[in-house]
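Note that these values count all heavy atoms, side chains included, but never hydrogens, waters or copies made by symmetry. Each chain gets a letter, A, B and so on, in the order its sequence line appears, and its residues count up from 1.
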There are 2 protein chains.
Amino acid sequence: MEFSDGKTIFIQIRDWLVDQILTGSLSPGDKVPSVRELAIDLEVNRNTVMRSYALMEQEGILDNKRGIGFFVSDHARERLIQDEKKLFLQEELPKLVHQVKVLKMVPADFKKLFDQLNENQNENK
Amino acid sequence: MEFSDGKTIFIQIRDWLVDQILTGSLSPGDKVPSVRELAIDLEVNRNTVMRSYALMEQEGILDNKRGIGFFVSDHARERLIQDEKKLFLQEELPKLVHQVKVLKMVPADFKKLFDQLNENQNENK
DNA sequence: TTTACTGTCATAGTATATTATGACACTAAC
DNA sequence: GTTAGTGTCATAATATACTATGACAGTAAA
């Protein structure tokens, strides 16, 4: 995993794990890497990983069993889809609409997005 | 103007001015507020505003006349539309497509976006 | 009980963004 | 030339994210 600027590292780690839960790489009940193990793996400090895990525990997507480790909570996926979708529609979409307008973008610029939207719709039929 | 976390202040100031250029609140040749004036207005330090202006000068969207002030460069708008659009299509759109997929969003979620896209297309006819 | 994992906490050090402030140089207008 | 605006630079102080490291406590298995 590579880190970019613009977002703090512990948030990027959180987002990276969230993505794994949403895509199914991590399933409810799965144990996530130990704080020390992941820190070594990502070449960051233990405390930084700890901060990511503490945040995710507070968000209700990780459960903590002291002395054993952190685990993906039972309803992590549903909760994430609900919360992240709400966040997207309320925070990101308005900015996106504005950007589309001032940059004078047209449907052709969004072909990939359309294809993906149609796939999602067909899957739910 | 209010500052949010996640991005540094001097970048947020830059983005705020860029938006004013793109929407037409600021036009090529216009003088932007002096470093000291804007600092007081936004309740930040002179050096922070200076950093935003220096960045925008480097991006070629502000011209600097020592002793006089900073001015919106002649081709700021075209340059911004080109650069920001490229950045959007290469960096943001791929993330957006991925998010749309994992959050299982459908066309209805994007109604506002569609309306805006169609408006843009009609304006260019 | 010992061992080897786990999380947790505290302390100190580093890097960076931001602030606070003063001093200096350029430009225009009086 | 003086004045009042402009940008520019340097210094020191603060806040926060991150690092480095050690010590302690809970858990499970040998």
Nearest of [options] to any side-chain atom of [X]?
X	options	result
A:Thr8	C:dA23, D:dC18, C:dT18	D:dC18
A:Asn47	C:dT19, D:dT21, C:dT21	D:dT21
B:Ile68	C:dG22, C:dA20, C:dT27	C:dT27
B:Val35	D:dA17, D:dG7, C:dT18	D:dG7
B:Phe10	D:dT6, C:dT18, C:dT21	C:dT18

Would you confirm whether [X], through its side chain, and [Y], through its main-chain N or O, come within 3.5 Å as a donor-acceptor pair?
X	Y	answer
A:Gln121	B:Pro107	no
B:Ser52	B:Phe10	yes
B:Asn122	B:Glu119	no
A:Ser27	A:Asp30	no

What is the distance, to the nearest angstrom, from the [atom1] atom on [X] to the [atom2] atom on [N]?
X	N	atom1	atom2	answer
B:Ile13	C:dT19	CD1	C1'	13 Å
B:Phe3	C:dA17	CZ	P	16 Å
A:Asn45	C:dA12	CG	P	16 Å
A:Ile9	C:dT16	CD1	P	12 Å
A:Glu57	C:dT6	CD	P	17 Å
A:Phe70	C:dT6	CZ	P	12 Å
A:Ile40	D:dA20	CD1	P	12 Å
A:Asp63	C:dT6	CG	P	18 Å

Comparing B:Gly67 and A:Asn64 on DNA chain C - which has the more 5′ nearest nucleotide: A:Asn64

Please state whether the base of D:dG5 and the side chain of B:Arg36 form at least one donor-acceptor pair under 3.5 Å? no

Salt bridge flag under 4.0 Å for residues B:Arg66 and B:Glu57: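 Here B:Arg66 does not pair with B:Glu57 in a salt bridge, since their nearest N and O are not under 4.0 Å apart.
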
Both A:Lys7 and A:Arg46 contact DNA chain D. Which one's nearest nucleotide lies toward the 5' end?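 Nearest nucleotide further toward 5': that of A:Lys7.
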
Along DNA chain D (nearest heavy atom to each residue), the more 5'-positioned of A:Arg51 and A:Arg66: A:Arg51

